[in-house]
Amino acid sequence: EPAVPPEVPEYPDEEKLEREREALGVYLSSHPLEPYRKAIAAYRFNEAASLLHGEASKTRHRMPVRMLGRILSRRLTATKGRQSGRMMCFAQLEDLTGVIELVAFPDAYGRFAPLLETGKTVVIEGELSIQEDKEPSVILQNVHPAETLYLGGKTVNIQVASENDPKIPALLRALARYPGPDEARFFFADRRKLARPRGIAGVMAEEELLRKLRGIAGAENVKVTNEK
C-alpha cells in the first residue's frame, strides 16, 4: 500500500498571517488587525495612509495622533549629546491602511519598552512630526495594550417622534462628542422603525452621554441594552 503522508497541522492564525506577509509582502487570508476594524472606526483613530498621504489641509506638524496598530519592527539606538548613552527607539507601526514610523525618545522608551516589541498590538498616542524631505512620523507619548481597549457591547436606544423630530440635531451633536464602539439607534415612534443615526459610527455609552441624551429626549426615551 502506498504510504500515507502524515497530517501536517495548520499554523496558528497569527503565525500563518506573519508567514504570508514575510513571503509575499501582503496578507492573503485576513489581517491581524481585522478583529479591531469596528473599534478603529468607532474610536476615530487616525490612519497611517491619511497621515502619510492625506490632504495637507488635514495634517499639520505636532497635531495630536491616536492610532491602533501592530509593531512590525523596531530599531534601538543610543542618544548622543547631553543625554548620551540613553536608548531610544524607532518602530514601524502597521494599521489596516499602511505603515508609519514611531519615534520613542529615551523617556518614552523607558516607560513603554515592553509594549514596543515586534508583534505587539497597541494603542498609541503622540504628535505628528512633519519635516521637509522626510516622511511624516509620530513622536510617541503614550502606549496601551490593544487588549485593554473596550470593544463595545451596549446599544443606546433613543425614541423620537419621527424622522423630522426637532430634537434630532441636538441628539446627533451629543452622540458625535462621545465616539466609541457601542451602538446607537433612533426609534421613530410614528413608523415604529429603528435606524442608525446618520454620521455616527459608534458611541461610548458612558453616563455623561446618557445624561445629555436624557436631557434632550427625556429620560423615558433613552434606554441602554447590553449584548447577551
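Just so you know, residue 1 is the first one in the sequence shown, and it goes up from there. The model shown is predicted, which means the values in this text are computed figures rather than measured ones.
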Point-to-point distance, once rounded to the nearest 0.5 Å, from [atom1] of [X] to [atom2] of [Y]:
X      : Y      : atom1 : atom2 : answer
Leu72  : Leu93  : CG    : CG    : 8.0 Å
Leu115 : Thr121 : CG    : OG1   : 11.0 Å
Thr225 : Asn157 : OG1   : CG    : 4.5 Å
Arg37  : His31  : CZ    : NE2   : 8.0 Å
Glu127 : Arg62  : CD    : CZ    : 4.5 Å
Leu128 : Ser137 : CG    : OG    : 7.0 Å

Between [X] and [Y], what is the shortest heavy-atom contact and its length?
X      : Y      : value
Leu52  : Val99  : CD1-O, 3.1 Å
Arg185 : Leu194 : CB-CD2, 4.0 Å
Glu117 : Ile71  : O-CB, 3.4 Å
Ala42  : Pro181 : CB-CA, 3.6 Å
Ala104 : Tyr109 : O-CB, 4.0 Å
Ala39  : Leu151 : CB-CD2, 3.8 Å

Apply side-chain contact (heavy atoms from CB on, under 4.5 Å) to the pair Arg70 and Lys120, showing each step before the final yes or no. CA-CA 6 Å; Arg70 184 169 175 267; Lys120 294 283 189 181; over 6 Å; no

Without swapping roles, check the side chain of [X] against the backbone of [Y] for a donor-acceptor pair under 3.5 Å.
X      : Y      : value
Asp182 : Met204 : no
Thr59  : Leu51  : no
His144 : Val123 : no

Step by step, would you call Ser129 with His61 a side-chain contact (heavy atoms from CB on, under 4.5 Å)? CA-CA 5 Å; Ser129 174; His61 183 57; 4.1 Å; yes

Same cluster (ILVMFWY, side-chain, under 4.5 Å), [X] and [Y]:
X      : Y      : value
Ile100 : Leu68  : no
Val224 : Leu175 : yes
Leu209 : Ile158 : yes
Leu96  : Tyr43  : yes
Met67  : Phe112 : yes

Do [X] and [Y] come within less than 4.5 Å of each other through their side chains, counting heavy atoms only?
X      : Y      : result
Leu172 : Phe186 : yes
Leu140 : Leu116 : yes
Met88  : Thr77  : yes
Asn221 : Val160 : no
Phe188 : Asp190 : yes
Phe187 : Arg192 : yes

Does a salt bridge link Glu183 with Lys38, judged by any charged N lying under 4.0 Å from a carboxylate O?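 Looking at Lys38 together with Glu183, the answer is yes, because their closest N to O distance falls below 4.0 Å.
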
N-O pairing of Glu208 and Arg211 below 4.0 Å: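 Result for this pair is no, no salt bridge flagged.
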
Residues Glu206 and Tyr178: side-chain donor-acceptor under 3.5 angstrom: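 Distance-only check fails for Glu206 and Tyr178.
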
Polar contact flag, side-chain donor to acceptor under 3.5 angstrom, Thr97-Asp95: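 Thr97 vs Asp95: donor-acceptor pair found between side chains.
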
